[in-house]
Amino acid sequence: MHSFILVISLNNKGQAYSTFKLLIAAIVALAILMILLPIISSVLGILQNDPNDKARELINNLYNQPESLKHTEDVTFTPGYVLSAAALAEKVTLSSDQICITSGDFPDDDAGFELQEVGDPTYQRIVWHGETNKVVQIAVTCHINKNRLEDSIVGTVFDDLREEDLDCGSVCDAGRCCALALRASS
C-alpha cells in the first residue's frame with residue numbers, strides 16, 4: 001500500500017479575499033454611478049420631469065384634501081409644450097372644466113408662457129413658446145367648489161391670483177375644483 005499525502009498551500013490572501021474585494025469594488029462603483037447619474041442627466045437633459053405627469057400626481061393626492069397646497073419637484077417645459085386641463089383630466093377624478101390653470105410667476109406678456117381658454121365646455125391650457133427648455137415648479141391646491149377655493153388661497157402662493165388674476169372664467173363653476181399655478185424653480 002502506498003499512501004499519498006496531498007498538501008495544498010494557499011497564499012495569505014486566499015480566494016475568498018479576492019471575491020470580497022471584487023464585491024466591494026462593485027458596490028462602490030454602483031454608489032458612484034447613482035450619485036453621478038442625476039447630475040449627468042440634468043446637464044444633458046436626458047431625464048426630465050413631465051409637467052402633466054407631476055401635476056396629475058399632485059391633483060390625485062390633493063383631491064380629497066381641501067386647502068392643502070403642494071408643489072411639484074422641478075418640471076421641464078420643452079419648446080411648444082402644452083400643460084392642458086384636458087390632458088390632466090384623463091387620469092384624475094376631475095373633468096377638464098374643473099381644473100383652473102394660471103401662468104402664476106410667469107405673466108403671459110413677457111415670459112414665453114401663454115394661457116389659453118379652449119373647447120366647449122371651456123378648459124384652460126398653458127403653452128411654452130420659449131426656444132429653450134424652461135424648468136419650473138407647479139403649485140396645486142383643491143377645494144370642494146370655486147368659492148371655497150378662492151377663500152382658501154388667502155395667504156398662500158395663490159393669494160395674488162385671486163378672482164381677477166386667477167381668471168378661471170367659467171372653469172370651476174360647479175363641483176370640486178383644483179387650481180394650478182406655475183412657480184419659479186427654487
Side-chain angles (χ1 to χ4, degrees), residues 47-186:
L47 300 175
Q48 300 170 345
N49 289 321
D50 181 77
N52 277 308
D53 290 343
K54 294 300 177 182
R56 196 177 292 125
E57 284 176 27
L58 275 185
I59 290 171
N60 281 326
N61 290 340
L62 298 177
Y63 178 79
N64 287 319
Q65 298 178 32
E67 296 188 41
S68 294
L69 171 67
K70 292 188 179 178
H71 293 80
T72 64
E73 54 195 67
D74 288 349
V75 295
T76 304
F77 280 79
T78 56
Y81 190 90
V82 177
L83 175 66
S84 165
L88 293 170
E90 287 180 13
K91 296 182 182 173
V92 298
T93 53
L94 299 170
S95 63
S96 60
D97 61 340
Q98 292 176 292
I99 301 171
C100 181
I101 300 176
T102 178
S103 54
D105 290 344
F106 305 96
D108 280 349
D109 55 353
D110 62 352
F113 285 103
E114 178 188 7
L115 178 65
Q116 303 172 343
E117 286 199 14
V118 293
D120 185 26
T122 302
Y123 68 90
Q124 295 173 315
R125 67 181 181 187
I126 289 181
V127 180
W128 169 240
H129 293 294
E131 294 180 15
T132 60
N133 291 352
K134 180 73 171 175
V135 177
V136 302
Q137 293 180 338
I138 301 172
V140 177
T141 188
C142 298
H143 218 300
I144 59 173
N145 60 44
K146 183 177 179 179
N147 292 333
R148 298 289 293 273
L149 177 70
E150 290 172 351
D151 291 342
S152 73
I153 61 176
V154 175
T156 70
V157 296
F158 287 92
D159 200 16
D160 58 337
L161 307 174
R162 301 221 14 128
E163 183 79 36
E164 314 79 47
D165 300 324
L166 193 54
D167 196 22
C168 289
S170 62
V171 176
C172 285
D173 276 346
R176 192 164 297 273
C177 182
C178 289
L180 283 72
L182 299 184
R183 303 293 297 172
S185 180
S186 53

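As the structure is a computational prediction, the values presented were derived from the model and not from experiment.
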Q: Could you go through the side-chain contact (heavy atoms from CB on, under 4.5 Å) check for Asp50 and Val75 one step at a time?
A: CA-CA 6 Å; Asp50 181 77; Val75 295; over 6 Å; no
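- Contacts classified as disulfide bond (SG atoms under 2.5 Å apart) and involving residues 114-145 (residues at least two apart or in different chains) are given here: Cys142-Cys178.
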Q | side-chain contact (heavy atoms from CB on, under 4.5 Å) evaluation trace for Ile99 with Gln124 | A | CA-CA 8 Å; Ile99 301 171; Gln124 295 173 315; over 6 Å; no
**Q.** Derivation of the side-chain hydrogen bond (donor to acceptor under 3.5 Å, both in side chains) call for Asp74 and Ser185
**A.** CA-CA 6 Å; Asp74 288 349; Ser185 180; 2.7 Å; yes
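- Listed by chain and number, the residues in a side-chain hydrogen bond (donor to acceptor under 3.5 Å, both in side chains) with Arg56 are Asp53 (sequence neighbours excluded).
- The line from CZ of Arg183 to OG of Ser103 is 11.5 Å long, rounded to the nearest 0.5 Å.
- Taking all atoms of both residues into account, the shortest heavy-atom contact from Pro66 to Ile144 is CG-CG2, 4.4 Å.
- Applying the side-chain contact (heavy atoms from CB on, under 4.5 Å) criterion to Asn64, with sequence neighbours excluded, gives Arg176.
- Of the listed residues (Gln116, Glu117, Glu114), just one forms a side-chain hydrogen bond (donor to acceptor under 3.5 Å, both in side chains) with Arg125, and that residue is Gln116.
- The structure places CD1 of Ile59 at 11.0 Å from OG1 of Thr72, a figure rounded to the nearest 0.5 Å.
- Here Phe77 pairs with Tyr81, Phe113 under the ring-ring contact (aromatic ring centres under 6.0 Å, His included) rule; sequence neighbours left out.
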Q) Can you check side-chain contact (heavy atoms from CB on, under 4.5 Å) on Asp105 and Leu182, steps first, answer last? A) CA-CA 6 Å; Asp105 290 344; Leu182 299 184; 5.9 Å; no
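- Note that the CG atom of Leu83 and the CG atom of Asn52 stand 5.0 Å from one another [nearest 0.5 Å].
- Judged as a salt bridge (Lys or Arg N to Asp or Glu O under 4.0 Å), and not counting sequence neighbours, the contacts of Glu57 are Lys54.
- Glu67 contributes atom CD, which lies 9.5 Å from atom CG of Leu149 (distance to the nearest 0.5 angstrom).
- The distance from the NZ atom of Lys146 to the CG atom of Asp151 is 12.5 Å, given to the nearest 0.5 Å.
- Partners of Glu73 under the side-chain hydrogen bond (donor to acceptor under 3.5 Å, both in side chains) rule, at least two apart in sequence or in another chain, are Asn49.
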Can you list, pair by pair, the side-chain donor-acceptor contacts under 3.5 Å of residues 85-95, counting residues two or more places apart and other chains?
| from | atom 1 | to | atom 2 | distance (Å) |
| --- | --- | --- | --- | --- |
| Ser95 | OG | Asp97 | OD1 | 2.3 |
| Ser95 | OG | Gln98 | OE1 | 3.2 |

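- Counting all heavy atoms, side chain and backbone alike, Ala181 lies closest to Gly104 at CB-CA, 4.3 Å.
- Side-chain contact between Asn133 and Pro79: present, with at least one pair of heavy atoms (C-beta onward) separated by less than 4.5 Å.
- Residues that satisfy the side-chain hydrogen bond (donor to acceptor under 3.5 Å, both in side chains) test with Asn60, not counting sequence neighbours, are absent from this structure.
- Contact between Leu69 and Ala139 at its shortest, heavy atoms only, is CD1-CB, 4.2 Å.
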